[in-house]
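Beneath this line is the structure, given in structure tokens, with notes to follow.
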Number of protein chains: 2
Amino acid sequence: MQDLLRHLHFENGLIPAVIVEAEGGEVLTLCYMNEEALRETLRTRMVHVYRRSRGRVMKKGEVSGHTQEWRELRIDCDGNSLLFVVQQHVAACHQGYRSCYFRRYDPAEDDLQVAGKKVFEPANVYREGTG
Amino acid sequence: MQDLLRHLHFENGLIPAVIVEAEGGEVLTLCYMNEEALRETLRTRMVHVYRRSRGRVMKKGEVSGHTQEWRELRIDCDGNSLLFVVQQHVAACHQGYRSCYFRRYDPAEDDLQVAGKKVFEPANVYREGTG
């Protein structure tokens, strides 16, 4: 991946990656990768992220089993971000929704409304402390 | 937008925003907003960004006329990023492509390939120094 790295700019060691569903094209989440996470993502075909809260690289879905296998990788014009087209297993969001962007803002009410459908119950997937 | 702000986390004063096309749902770009850019985006219905290279808020398409009028705003589960569904005028990318993600990575060749269609010629739109 030397040629790819030559085109990318990491900021404080990280680059953001937009994750899009292959079927339907919905934006699922935005995550951050360091060079190691990107390397593991390319090597294994499964999205890996750098979790700042844990200070380490994790496979997306490591705890829940809700993994993302990528089909296509695109990079933006400035090499400042990545876009992965993935096959999502179950759901991307730890709150039980297919996409992390399940809340819509209503400007008239200055209010957030749930616009996505819950597909699993977090309490049944994440035990206490597994996050 | 007080209720919205209560849900958002800005990092060093900025929050990333994924910009998606209303028609077709293609991811166009990833930009960054500070509170002022978000406020102007909500007030005018046109996407405004904080350009770090210029140290100021700019309307997206201020120079080129390639503006983005948003239809829907979503926020992610953790309040760490935004997603705007927009009507894109002409193209999002300053290099002449509809989407900034016009390059696809080929892992076998460790190579980038242009996968988007050019819709305008940058030299005809941006005069020297206008960026």
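All heavy atoms count here, side chains included; hydrogens, waters and symmetry mates do not. In what follows, chains are A, B, ... by sequence order, proteins preceding strands, each numbered from 1. Owing to the predicted nature of the structure, the values given are computational and were not obtained by experimental measurement.
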*Under the salt bridge (charged side-chain N to carboxylate O under 4.0 Å, His left out) test, residues paired with Arg104(B) that sit two or more places apart*: Glu72(A)

*Any idea which of Asp3(B), Thr29(B), Asp106(B), Val18(B) has the most non-hydrogen atom pairs under 4.5 angstrom with chain A?*
Asp3(B)

_If I measure from the heavy atoms of chain A, does Glu109(B) come under 4.5 Å with its side chain, its backbone, both, or neither?_
neither

*In terms of hydrophobic clustering (I, L, V, M, F, W, Y; side-chain heavy atoms under 4.5 Å; direct or indirect links), are Met46(B) and Val90(B) co-clustered?*
no

*Per-residue contact mode, Arg43(A) against chain B (heavy atom under 4.5 angstrom)*: neither

*Verify same cluster id: Met58(A), Tyr32(A) (apolar side-chain graph, 4.5 Å)*: no

*Are Phe120(B) and Val63(B) grouped together when hydrophobic residues (ILVMFWY) are joined by side-chain heavy atoms under 4.5 angstrom apart?*
yes

*Might you confirm whether atom CD of Glu121(A) has over 12 heavy atoms from other residues, nucleotides or ligands at distances under 6.0 Å?*
yes

*Rounded to the nearest 0.5 Å, how far does SG of Cys100(B) lie from CG of Asp78(A)?*
7.0 Å

_CA sep, side-chain torsions, deciding dist, call: Val27(A), Val20(B), side-chain contact (heavy atoms from CB on, under 4.5 Å)_ = CA-CA 8 Å; Val27(A) 179; Val20(B) 173; 3.6 Å; yes

_Looking at every heavy atom in both Arg103(A) and Gly79(B), which two are closest together, and how far apart are they?_
NH2-N, 4.0 Å

_Below 4.5 Å, heavy-atom pairs only: which of Asp110(B), Leu83(B), Asp111(B), Asp76(B) has the largest tally toward chain A?_
Asp110(B)

*More than 12 heavy atoms of other groups within 6.0 Å of Asn12(A) CG*: no

*Measure the spacing between CG of Asn80(B) and SG of Cys31(A) and express it to the nearest 0.5 Å.*
12.5 Å

*asked:* Can you tell me if Lys118(B) has over 12 outside heavy atoms packed within less than 6.0 Å of its NZ?
replied: yes

*Just give me the residue among Phe102(B), Tyr101(B), Tyr97(B) that pairs up with chain A most often, heavy atom to heavy atom, under 4.5 Å.*
Tyr101(B)

_Below 4.5 Å, heavy-atom pairs only: which of Gln113(A), Arg6(A), Glu26(A), His7(A) has the largest tally toward chain B?_
His7(A)

*Which ILVMFWY residues can you reach from Leu112(B) by hopping between side chains whose heavy atoms are under 4.5 Å apart?*
Met1(A), Leu4(A), Leu5(A), Leu8(A), Phe10(A), Ile15(A), Ile19(A), Leu28(A), Met33(A), Leu38(A), Leu42(A), Val47(A), Val49(A), Trp70(A), Leu73(A), Ile75(A), Leu82(A), Phe84(A), Val86(A), Tyr105(B)

*Search all heavy atoms of Cys77(A) against all heavy atoms of Gln95(B) and return the closest pair with its distance.*
O-NE2, 3.5 Å

